[in-house]
Protein chains: 2
Amino acid sequence: MNTTDTKYETLKIENQLCFPLYACSKEIIRQYKPFLDKIGLTYTQYITMMVLWENRSMTVKELGSHLYLDSGTLTPLLKKLEAKGLLTRSRSNKDERNLIVTVTEEGMALRDNALFVPQEMAKCVSLTPEEAGFLYRILYKILGQDIESEE
Amino acid sequence: MNTTDTKYETLKIENQLCFPLYACSKEIIRQYKPFLDKIGLTYTQYITMMVLWENRSMTVKELGSHLYLDSGTLTPLLKKLEAKGLLTRSRSNKDERNLIVTVTEEGMALRDNALFVPQEMAKCVSLTPEEAGFLYRILYKILGQDIESEE
DNA sequence: CGCCATTTAATTGTATACAATCTAATTGTA
DNA sequence: TACAATTAGATTGTATACAATTAAATGGCG
């Protein structure tokens, strides 16, 4: 290995951790598409509904902190979900700055139709339970560092 | 835990592997921004240049298979990099369907200015070498499965 | 040779993402 | 209580992503 190789070694894409993370994320989201098409949601809409299914009602701010998304992304996305009849958007009485997002009955009903999605996806990525567990922990470790450094 | 909890367990965002992958990818890319701003590149432009720095000249198709991106994303991105003077775009003489992307001298010169980027980023994510190695292998394992299933 | 299938980019349309800015509501405080 | 600082969403502008379609070039085959 000559000097030039050594010098630029860190700039090789194969030596980056972020790139496979970025590529993996996109490829898995791509694999979601045929399943999500059946319930009429995009991936971002799906994870938004997942958080709402568990909480039923929350502010845009709370939703964003769960999803790592800001109002620039959420506002138009929530308007689309509202147009589909899956949720309602209304200002809080206590604090008019807060917009409360609440899942409708129709939105809750979609939850049953979505049950097959994680089942089908589990077949696509075949990691051992150990690998999956390790991956899960390490990703949340990175996300945790991120949160600390921002607050 | 009641029946309802059990039924929807798989639809909890905390039980998904894709979500932390997606969130991690975005958060790390966000951390790149201040450094990449200094060399005038976005993250996607940066990884594109990284592949080109190693190969100097390649078709859009080849570039896309390295980056997991298609012409819909690459065409406008490459036009921007061309406008910055970092690369040239020209059709192949052998096969006019192929568009050859070649880094200019200016593009190669940027490589030296980019050396600090991976150095700074290494300070941001603090994983042990073992964790980083494991994460790397498992991500490429997933990407590998993906490639096999598509071809 | 002629023609159809394939291949490569470019284009079109839709949906994110996110920084930066703006607006309205609320809070802290002198 | 005025009023500056803060906060929450919405908006604006830029840059991806990607499916689907189009257009041009090439390859294969009768």
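A note on names: the letters A, B, ... follow the listed sequences, proteins ahead of strands, and every chain is numbered from 1.
- Here A:Arg91 reaches the OP1 or OP2 of D:dA10: one of its side-chain N or O atoms lies under 4.0 Å away.
- Atom NZ in B:Lys80 sits about 15 Å away from atom C1' in C:dA10, given to the nearest Å.
- Rounded to whole angstrom, the span from the OH atom of B:Tyr32 across to the P atom of D:dT16 amounts to 16 Å.
- Applying the ring pair (Phe, Tyr, Trp, His ring centres under 6.0 Å) rule to B:Phe116 yields no partners; only residues at least two apart in sequence or on another chain are considered.
- Proximity of B:Thr59 to the phosphate of C:dT8: no side-chain N or O atom is located under 4.0 Å from OP1 or OP2.
- C:dT14 atom P lies 15 Å from atom CG of A:Asp37, rounded to whole Å.
- When ring centroids are compared, A:Tyr68 and B:Tyr22 stay outside the 6.0 Å threshold.
- Between the C1' atom of D:dT14 and the NZ atom of B:Lys79 lies a distance of 17 Å, rounded to the nearest Å.
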**Report entry** Pairing string, 5' to 3', for DNA chain C - Watson-Crick or wobble contacts under 3.5 Å, brackets [ ] where pairs cross, | to another strand
**Finding:** ||||||||||||||||||||||||||||||
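- Here A:Thr42 reaches the OP1 or OP2 of C:dT16: one of its side-chain N or O atoms lies under 4.0 Å away.
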Query raised in the report: Which parts of nucleotides 17-29 of chain C does protein reach within less than 4.0 Å, heavy atoms only, written one letter per nucleotide 5' to 3' as B for base, S for sugar-phosphate only and - for none?
Result: BBB-----BS---
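- Inspection of the A:Ser25 and B:Ser25 side chains reveals no N or O donor paired with an N or O acceptor under 3.5 Å.
- Summarising the geometry of A:Thr10 relative to A:Gln16, their closest heavy-atom pair is O-NE2, 2.6 Å, with the distance given to 0.1 Å.
- One atom, CG of A:Leu41, and another, P of C:dA15, lie 12 Å apart when rounded to the nearest Å.
- The closest side-chain heavy-atom distance from B:Leu77 to B:Leu69 is not below 4.5 Å.
- For D:dA8, the OP1/OP2 oxygens have no side-chain nitrogen or oxygen of A:Arg89 closer than 4.0 Å.
- Here C:dT8 presents its P atom at 14 Å from CE of B:Met58, a figure rounded to the nearest Å.
- By the 30° and 60° cut-offs, the orientation of the rings of A:Tyr46 relative to A:Trp53 is perpendicular.
- Within the 4.0 Å cut-off from OP1 or OP2 of D:dG9, at least one side-chain nitrogen or oxygen of A:Asn98 is found.
- No side-chain heavy atom of B:Asn98 sits under 4.5 Å from any side-chain heavy atom of B:Arg91.
- Mapping B:Pro76 and A:Leu99 onto DNA chain D by nearest heavy atom places A:Leu99 at the nucleotide closer to the 5' end.
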Query raised in the report: How far apart are the C-alpha atoms of B:Lys79 and B:Glu82, what are their side-chain angles, what is the distance that settles it, and do they pass the salt bridge (Lys or Arg N to Asp or Glu O under 4.0 Å) test?
Result: CA-CA 5 Å; B:Lys79 284 180 179 175; B:Glu82 185 182 38; over 6 Å; no
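- Between A:Tyr140 and B:Ile13, the closest heavy-atom pair is OH-O, 4.3 Å.
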